[in-house]
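Here the structure is laid out as structure tokens; the discussion comes afterwards.
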Amino acid sequence: MTTITDRLAIAQHRISQAAQNASRRPEDVQLLAVSKTKPNEYIIEAYQAGQRRFGENYVQESETKINLLSHDYPDIEWHFIGPLQSNKTKVVASLFDWMHTVDREKIAQRLNDQRPDDMPALNICIQVNISLEESKSGALAADVLELADKIALLPNIKLRGLMAIPSADVDEQTASVELAALQTLFNQLAERHSSVDTLSVGMSNDLELAVNHGSTMVRIGSAIFGERDYSKT
Ligand SMILES: *Cc1c(COP(=O)(O)O)cnc(C)c1O
């Protein structure tokens with residue numbers, strides 16, 4: 001039986017290989033372990049294997065988990081990676097270290113206003129819609145630089161980069177075109193804002209391609225924690 005510890009090591013190895021194949025340093029690509037729908041015991045096992053960054057998608061689920069885990073595991077870095085309605089921003093502002101799916105000014109403004117004074121600035125990635133084949137959430141690429149300029153002015157949130165979810169079930173050529181466009185936009189953004197250092201892209205099935213296109217943070221769920229069962233949630 002493979003354990004979470006084994007699968008974490010395999011994921012790390014895939015990242016290292018992909019980085020080397022792209023002539024990049026393995027340490028420049030961080031692993032975000034996506035624990036949505038999975039119990040706290042799984043997070044603790046990954047923690048004990050050395051993992052510190054965890055990604056969650058659902059406001060209510062993450063609130064319960066973080067409240068239970070933050071006392072014993074204060075050095076876990078929590079990343080919100082799901083869609084967020086503007087009336088739910090307070091949980092993210094008060095519990096998370098990172099928020100990857102900002103796609104409009106209103107959400108950014110609310111996160112800024114609701115960030116508690118005693119916490120460091122919330123790290124923000126703008127989610128970009130790079131999908132050529134289907135429409136998904138995320139800001140349009142043409143709107144990203146303007147949105148970024150506004151976010152950069154808000155004191156309680158810190159612009160760190162871009163996040164994207166490439167089209168599912170497309171051929172590698174199409175996926176590469178999407179990722180190349182994302183990388184170009186990311187480089188433009190980094191030139192404009194010195195705080196930008198994070199390109200959040202790549203999941204269990206496409207991490208190699210994403211690392212080849214400049215990803216600095218891959219978000220890996222099922223390859224570490226197993227397939228998700230949504231029937232019980
Ligand atoms: C669920 C999820 C992931 C992880 O996907 P896997 O295919 O299980 O690795 C990554 N990013 C986002 C935004 C997700 O919702």
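Residue numbers count from 1 along this sequence. Each ligand, and each atom within it, is numbered from 1 in the order the structure gives. Everything numeric here is computed off the predicted structure, so don't read it as measured data.
Nearest protein heavy-atom contact of atom 9 (O) of ligand 1 is S204 OG, 2.5 Å. Considering only non-hydrogen protein atoms, atom 11 (N) of ligand 1 sits nearest to R219 NE, 2.9 Å. Taking atom 14 (C) of ligand 1 as the reference point, the nearest protein heavy-atom neighbour is K36 NZ, 2.9 Å. Annotation: atom 10 (C) of ligand 1 to nearest protein heavy atom, M203 SD, 3.1 Å. The single protein non-hydrogen atom nearest to atom 12 (C) of ligand 1 is I81 CD1, 3.6 Å, given as residue, atom name and distance.
Close approach to G221 involves these atoms of ligand 1, each under 4.0 Å from a residue heavy atom: 4 (C), 6 (P), 8 (O), 9 (O).
The proximity of M163 to ligand 1, defined as any non-hydrogen pair under 4.0 Å, is limited to the side chain. Under 4.0 Å from ligand 1, not a single heavy atom of H100 appears. If you look at I165 next to ligand 1, the close heavy atoms, those under 4.0 Å, all belong to the side chain. Only side-chain heavy atoms of N57 come within less than 4.0 Å of ligand 1; its backbone N, CA, C and O stay farther off.
Between I220 and ligand 1, no pair of N/O atoms sits closer than 3.5 Å.
Here the shortest heavy-atom distance to atom 7 (O) of ligand 1, taken over G226, A164, S222, belongs to S222.
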Open item on the list: R25 vs D28, test: salt bridge (charged side-chain N to carboxylate O under 4.0 Å, His left out). Steps then yes/no.
Closed with: CA-CA 5 Å; R25 297 186 306 175; D28 290 343; 3.0 Å; yes
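Using a 4.0 Å cut-off between charged side-chain N and carboxylate O, R192 and D149 make a salt bridge. At a threshold of 4.0 Å, the pair E56-K36 does not count as salt-bridged, since none of the basic side-chain nitrogens sits closer than that to a carboxylate oxygen. A salt bridge links E208 with R14; the closest basic N to acidic carboxylate O contact falls under 4.0 Å. Using a 4.0 Å cut-off between charged side-chain N and carboxylate O, E77 and R52 make no salt bridge.
In this structure, N205 falls outside the shell of residues with a heavy atom less than 4.0 angstrom from ligand 1.
Residue Y42 qualifies as open at atom OH: its count of foreign heavy atoms under 6.0 Å is 12 or below. For E27, the CD atom counts as densely surrounded, since its 6.0 Å shell holds more than 12 non-hydrogen atoms of other residues, nucleotides or ligands.
Residues satisfying the ring pair (Phe, Tyr, Trp, His ring centres under 6.0 Å) criterion with F96, sequence neighbours excluded, are F80.
To the nearest 0.5 Å, atoms CD (Q114) and OG (S94) are separated by 8.0 Å.
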